Amino acid sequence: MEAPGPAGGPDRRRRSPWVREEALVLAQDQGGPDWFRLLLRAPRIAPLAWPGQFLQVAVRPVATGLPGPAGAPDLAGSDPLLPRPLSICTLDPEGGSLSVVYRVAGRGTALLASARPGERLALLGPLGLSFPDPGGAASRPLHLVGGGLGIPPLACAAAWARAGGRRPQALLGARGAAGLAGAAEVAACGAPVQAVTEDGSAGVRGLVTDVLRERLAPGDEVWSCGPPAMLAAVQRLCAAQGAEAWLCVERAMACGFGVCLGCAVARSDGGGFLRACVDGPVFRAGDVDVAEPRR
Amino acid sequence: MRIMDGPPGARTGAAPLLAVDVAGIRCANPVWAASGCAGYGRELAAAWPLSALGALCVKGTSLEPWRGNPGPRVAETACGMLNAIGLQNPGVDHLLTRDLPWLVRQGTAVVVNIVGRTIEEYAAVARRLGDAPAGAVAGVELNISCPNVREGGLQFGADLGAAAEVTAAVREATSLPLLVKLSPNVTDVAAFAAAVERAGADGVSLINTLLGMRIDVAARRPILANLTGGLSGPACKPVALRMVWEVAGSVSIPVVGIGGIATGLDAAEFLLAGASAVQVGTAIFRDPWAPVRVRDELEAWLRAQGMASAREAVGAGRP
């Protein structure tokens, strides 16, 4: 289903009905010093999903065969309290599987990293709005610009763009080579990757926006995901060059489906806040102020 | 004309075992969705029929739209979370014209949580609810306990005289059943319950969130942009239960229990302490189906206890 279009032209983002599913862990491996890849069999959710959407992932496996009366306190459930919102990295709708790539940032994600093949993790999804449908303008350049843990959703995005006849080019940045989380998946999904690292340990030394500035032409399209400062730089560059940009943001979040209002993203017109979970996480660059306010 | 004849559950086959009347709010069951945890119902209605709820307390609603606080607005804590949303809401006109007409068709009792910066604003919102069709709004929940706004909220909820004054003003402005949602951030919550009872409240609901904070040690700054926020979730449950116990023992109006309820047995504890109904809040964030599960588990517990009605459980844990 197409999302309602805001001012500024057609909105090609997609929304899905969300469901819950106890997904089977097929594989998990450590991809870098602090990040992991998790492959899940999710035959209900995978066929509903579009690139750019995310999942709420419970960090503890579903308990099976626990004794106790119905209605007893859900011991696995409230500690940690909340699931973790993770973007879909690779997506196989026909095969009913998908993967997520995430950084171990605290106790919850450390627990998630201990999930083993054969265990089941409760998912809610697919949540939020996707990247815009890539079909239509095969010759129009599409730049996928990712930073750090913002790289993974660009993998299925690259595959979707290829399937739509586009020839996406990826610019993927991190402090160093070890931080290029999901870059291999982006390349495997059919987008030529130019790595850019601040320390020069992989690809070009510098920032992704340095390289994007050289490549970008008026009328190009950019899909970007990464830290707020990077997204803000992509936003400025695209506005200056007359390129169309779609930004996938990350926010601290509680529910993921629109009721808690925790994941506020400031509207660029000063008219209050949007929700990253249902009004995004992919936004038209002109609609939002992506920088988190200074504390 | 009333929109619904009898409890909504009567039409969906829910057992009369669960039906309750709380301060004049007739409910198919005693499990409600808490304000701020269910929006205006549309998101949850995508997952299950809202008629499964005893009542839905809508997001805190003000006279004019409120922007809310900048982010970050939420932070997880041990078995709980902090929020500092700041009562972002589209205002009472939006509720009356856009959300309420849809909500009344969902077959659940609609309780409107109202907020204001001044006594006059609170009263004006309550008065505007009189423009709704008869029966569309089942009750008003007066929110004097939000810890995340500078004006309104705790300014009224932590001062006995102000709590009574705003309750009396809203009582004057509406004939709908009036609940007052109390703050736990006071020394003697029972004194506040008694004060609002004297000022005309038909019932009280408690607890709102406990004022708390977290600090990001790497950034050496508070995590929430608002610096402090309200603690909710299972971590709060023992405090909430104790406060419900104290209030139920000291007022003669109905009490609605709130605070960390995630299972049917949690709900049963609150009923036994003296609550006539409960609200499920933060549990919705980790499981959108939580209110339905709590209702079903509570029903199973009542049957296992051999009780003929949920009303039998209310206060049954008191010596």
Side-chain angles (χ1 to χ4, degrees), chain A residues 15-20 56 58-60 68-85 105-108 122 124 127 228 249-267 270-278 289 291-295, chain B residues 33 36-39 41-44 46-47 59 65-81 83 85-86 88-90 216 219 221-225 227 233-235 260 262-268 282-289 293-294 296-298 300-301 304:
Chain A
R15 191 187 298 288
S16 307
W18 44 264
V19 298
R20 61 177 163 183
Q56 283 279 45
V59 298
R60 283 188 197 272
D74 177 6
L75 295 174
S78 62
D79 174 30
L81 182 75
L82 299 170
R84 295 297 182 266
R107 186 165 161 271
L124 188 73
L127 297 164
V249 307
E250 181 180 39
R251 284 292 184 276
M253 190 176 283
C255 72
F257 58 91
V259 295
C260 78
L261 311 187
C263 55
V265 180
R267 293 168 58 123
F273 296 95
L274 297 168
R275 295 164 291 181
C277 67
V278 294
D289 179 0
E292 285 261 26
R294 284 177 63 86
R295 282 178 268 149
Chain B
C37 302
R42 292 180 196 270
E43 292 83 3
L44 290 175
K59 175 72 182 167
W66 284 11
R67 289 170 58 90
N69 293 326
R73 290 175 167 186
V74 292
E76 197 177 40
T77 62
C79 294
M81 61 173 283
N83 87 80
I85 309 301
Q88 177 183 330
N89 81 93
D216 177 337
R221 290 287 183 279
I223 291 179
L224 298 172
L227 308 183
T263 71
L265 296 189
D266 292 338
T282 299
I284 294 171
F285 300 161
R286 55 172 293 262
D287 174 8
W289 286 266
R293 184 170 44 74
V294 169
D296 292 347
E297 290 169 353
L298 178 64
W301 176 80

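In what follows, every chain begins at residue 1, and chains take the letters A, B, ... in the order their sequences are listed. Keep in mind that this is a model prediction, so the values were computed, not measured.
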[X], part contacting chain A, at a heavy-atom distance under 4.5 Å:
X	result
B:P65	neither
B:I284	both
B:C37	backbone
B:A38	backbone

Roughly how far apart are [X] [atom1] and [Y] [atom2], rounded to 0.5 Å?
X	Y	atom1	atom2	value
A:S78	B:R286	OG	CZ	6.5 Å
B:I85	A:C263	CD1	SG	8.5 Å
A:R275	B:Q88	CZ	CD	8.0 Å

Practice prompt. Among the options A:G258, A:G272, A:C260, pick out the one with the most heavy-atom pairs lying under 4.5 Å from chain B.
Written response: A:C260
Taking side chain as everything from C-beta outward and backbone as N, CA, C, O, which of these in [X] sits under 4.5 Å from a heavy atom of chain B? Side chain, backbone, both or neither.
X	answer
A:L124	side chain
A:R84	side chain
A:A254	both

Worksheet item: Among all residues two or more places apart in sequence or in another chain, which pass the side-chain hydrogen bond (donor to acceptor under 3.5 Å, both in side chains) test with B:W66?
Response: B:S62
Worksheet item: Excluding sequence neighbours, so at least two apart, what forms salt bridge (charged side-chain N to carboxylate O under 4.0 Å, His left out) with B:R67?
Response: none
Discussion item. If the threshold is 4.0 Å, N to carboxylate O, is there a salt bridge linking A:R107 and B:E76?
Written reply: no
Practice prompt. Kindly give the heavy-atom pair with the smallest separation between A:L81 and B:P234, and that separation in Å.
Written response: CD1-CD, 3.6 Å
Worksheet entry | Non-hydrogen atoms of A:F257 and B:E43 that approach each other most closely | O-CG, 3.2 Å
